[in-house]
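To start, the structure under review is shown below, and the notes come after it.
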There are 2 protein chains.
Amino acid sequence: MSLLVVGSVAFDEVETPFGKCEKMLGGSASHFSISASFFTDVNVVAVVGGDFDQEELQKFSQRGIDTSDLERIPEGKTFRWGGKYDYDLNVCKTLYTDLNVFASFEPKLSARSKSARLVFLGNIQPDLQRMVREQVTEAQLVALDTMNLWIETARDSLIRTIQRVDILIINDAEARQLTANPNLIKAARTILSWGPKALIVKRGEYGAAMFTAESYFAIPAYPLESVFDPTGAGDTFAGGFMGYLSSQEDLDEAAMRRAMIFGSVMASFNVEEFGTSRTERLTHDEINERFQAFKTITHFDAIPFERAVQASK
Amino acid sequence: MSLLVVGSVAFDEVETPFGKCEKMLGGSASHFSISASFFTDVNVVAVVGGDFDQEELQKFSQRGIDTSDLERIPEGKTFRWGGKYDYDLNVCKTLYTDLNVFASFEPKLSARSKSARLVFLGNIQPDLQRMVREQVTEAQLVALDTMNLWIETARDSLIRTIQRVDILIINDAEARQLTANPNLIKAARTILSWGPKALIVKRGEYGAAMFTAESYFAIPAYPLESVFDPTGAGDTFAGGFMGYLSSQEDLDEAAMRRAMIFGSVMASFNVEEFGTSRTERLTHDEINERFQAFKTITHFDAIPFERAVQASK
């Protein structure tokens, strides 16, 4: 049981209509691994600078996350990102992106990382993702995230990377952009034709959907009255999804459907507070309780209609 | 078992990237009643002009819909609407709206219409909706639709009307606009505080959700590879929802959840062809088959997570 994530570890500065946080742990690998750590053993491959100290490292170690492959460049600075959300929280304006040590990131995998059973390739340059993909030869399942930047600037490389993975996890705007098709079902069909066994589409407040060649699964989002900070929700979803799968022997459709729920559960907690602060202190009871809530909010009796009285004709 | 609908009967001209139809049966009462007629007996209260001939009337009569309260003004013209859809079908540009006889529409209810068990107040001026509401004194359940025009131009009257109904059925943009709250859960709480027992929010390709004081229910849309003409999808949803409820003795939460599925099923068929042409020729087997498909696409096993192996700490 082991799960590897390759991605970014960053310091985020986030401003929302509800508050401001000047420096907190962020980045795809951070959100992913903290979320996944509730379900499985996680290894992180990423890079940080000399300004990344013991306090931040503890956020990983206290969740039992293996950081031996977290490279530290003492003379460099950690990736920093600043963003500001509008009142409706659907639009995020990036204030700045200081790549710092992340600009020359070359993922270095230890033997332990290379032998991971499940792998998540967080949103980094697609060439790097493919380089990692080629090293994890024993992986039973590899999932991939990406973003509009790579769709626009490195589309060919990205498609070659998608061809080599089992699951693509992106949002609906990205699925449409990637395939230049406004119909999500057709977009999914195109993406699956490239090679992946499954496409998972994140739809924010509308939930998530999973497409395979033979099946379709869709769930709503957990209803939240106060979304505080959406940053990292996608990676937290992926962490819950891959973390739960990593805990399962059979990686079949039924397990993937449950994993979608656990991913949604984790994401729903993530957005309740800044950064990883809500997710960090979750309990298994809280996670299972919200999992059950998903059953309640989606349940209906499958009773076919039979007309009791004929319409007058 | 009887269901009354008050709304518009129109001739629609619709252009989509896939084709054009210059004159077809449209309007909220048409889409609603044809959809509901698969589940229950329907009475239509609306108005048409002298240009509304036998051919159009047959679309109602062959579905067993009672049109004795469909007023005909021989010297007037039927309401006409023209619209054009963009490639992504989410944006509709209204080309023209010729109200014609609909401009001076005053719903006239026969004794039979007044005694309806269930009532749907289609999207018309809120004063008229309230006038009808006050005449259906025996109704067990009254549902209401509206649109952005009335939210902008007759908000106070609309809220007074909402206070008098059991269910409000609108889309998510309307729910946010009506309450000036971007968070749908908070918007729903506000609307329910005005009086309705339930709020149903239509989300187009993202499905639908139902809010009551104690519960939340959400479903995805049926996945469609080819949406041909979205006109009337909302009224067709409402028709399936109210039609199914009308066939049930208990109008409880469980019945309302099933009614949401039947509404979604009917709407998913409606958008496959122009106007009401797909819905008109549906069979009960097709309806029940798609109902079962909703169970399949939303099913997951409710197995709580138990960690098999402890993370190394």
Side-chain angles (χ1 to χ4, degrees), chain A residues 1 37-42 61 63-66 87-89 182-186 189 203 205-207 209 215-221 223-227 244 247 254 257-258 260-262 284 287-288 291-292 294-305 307-313, chain B residues 1 37-42 62-66 87-89 182-186 189 203 205-207 209 215-221 223-227 244 247 254 257-258 260-262 284 287-288 291-292 294-305 307-313:
Chain A
M1 187 175 94
S37 71
F38 285 89
F39 303 94
T40 192
D41 290 332
V42 193
S61 58
R63 290 287 331 137
I65 299 163
D66 185 337
Y87 183 51
D88 76 357
L89 294 173
N183 182 293
L184 192 61
I185 321 296
K186 282 184 184 156
R189 198 176 291 271
R203 295 164 151 173
E205 65 168 318
Y206 296 115
S215 72
Y216 175 70
F217 177 59
I219 50 171
L224 286 170
E225 216 165 318
S226 55
V227 175
Y244 177 76
S247 78
R257 288 184 171 211
R258 292 194 301 275
M260 293 264 296
I261 306 287
F262 281 111
H284 278 95
I287 294 169
N288 280 326
F291 180 93
Q292 290 301 328
F294 266 89
K295 200 67 195 175
T296 307
I297 65 179
T298 58
H299 176 79
F300 63 93
D301 304 313
I303 308 171
F305 175 72
R307 204 169 202 286
V309 183
Q310 277 301 310
S312 49
K313 290 210 173 180
Chain B
M1 188 175 93
S37 71
F38 287 87
F39 304 93
T40 191
D41 291 332
V42 193
Q62 72 193 6
R63 292 286 333 135
I65 298 163
D66 185 338
Y87 184 51
D88 76 355
L89 296 173
N183 182 293
L184 192 61
I185 322 296
K186 281 184 184 156
R189 200 177 290 270
R203 294 163 153 174
E205 64 168 317
Y206 296 114
S215 72
Y216 175 71
F217 177 58
I219 50 171
L224 285 172
E225 217 165 317
S226 54
V227 175
Y244 177 76
S247 77
R257 288 184 171 211
R258 291 195 301 277
M260 293 264 297
I261 306 288
F262 281 110
H284 278 95
I287 294 169
N288 280 328
F291 180 94
Q292 290 300 327
F294 267 90
K295 200 66 196 176
T296 307
I297 65 180
T298 59
H299 176 77
F300 62 94
D301 305 312
I303 308 172
F305 174 73
R307 201 167 205 287
V309 183
Q310 275 303 308
S312 50
K313 289 209 176 183

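Below, read A as the first sequence line, B as the second, and so on, with proteins coming before strands; counting in each chain starts at 1.
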* **chain B interface, residue from A/G207, A/A218, A/A221 that has the most non-hydrogen pairs under 4.5 Å** => A/A218
* Asked: With a 4.5 Å limit on heavy-atom distance, are the side chains of A/N288 and A/F262 in contact?
  -> yes
* Could you check if a side-chain atom of B/F294 sits within less than 4.5 angstrom of a side-chain atom of A/F300, using non-hydrogen atoms only? => yes
What part of [X] is in contact with chain A, defined as an atom under 4.5 angstrom from a non-hydrogen atom: side chain, backbone, both or neither?
X      : answer
B/D301 : both
B/I303 : both
B/E225 : both

* Assign the ring pair B/F39 / B/Y244 to parallel, tilted or perpendicular, where the plane angle (0 to 90°) is split at 30° and 60°. => perpendicular
* To do: Could you walk me through whether A/H299 and B/F217 pass the side-chain contact (heavy atoms from CB on, under 4.5 Å) test, one step at a time?
  => CA-CA 8 Å; A/H299 176 79; B/F217 177 58; 5.8 Å; no
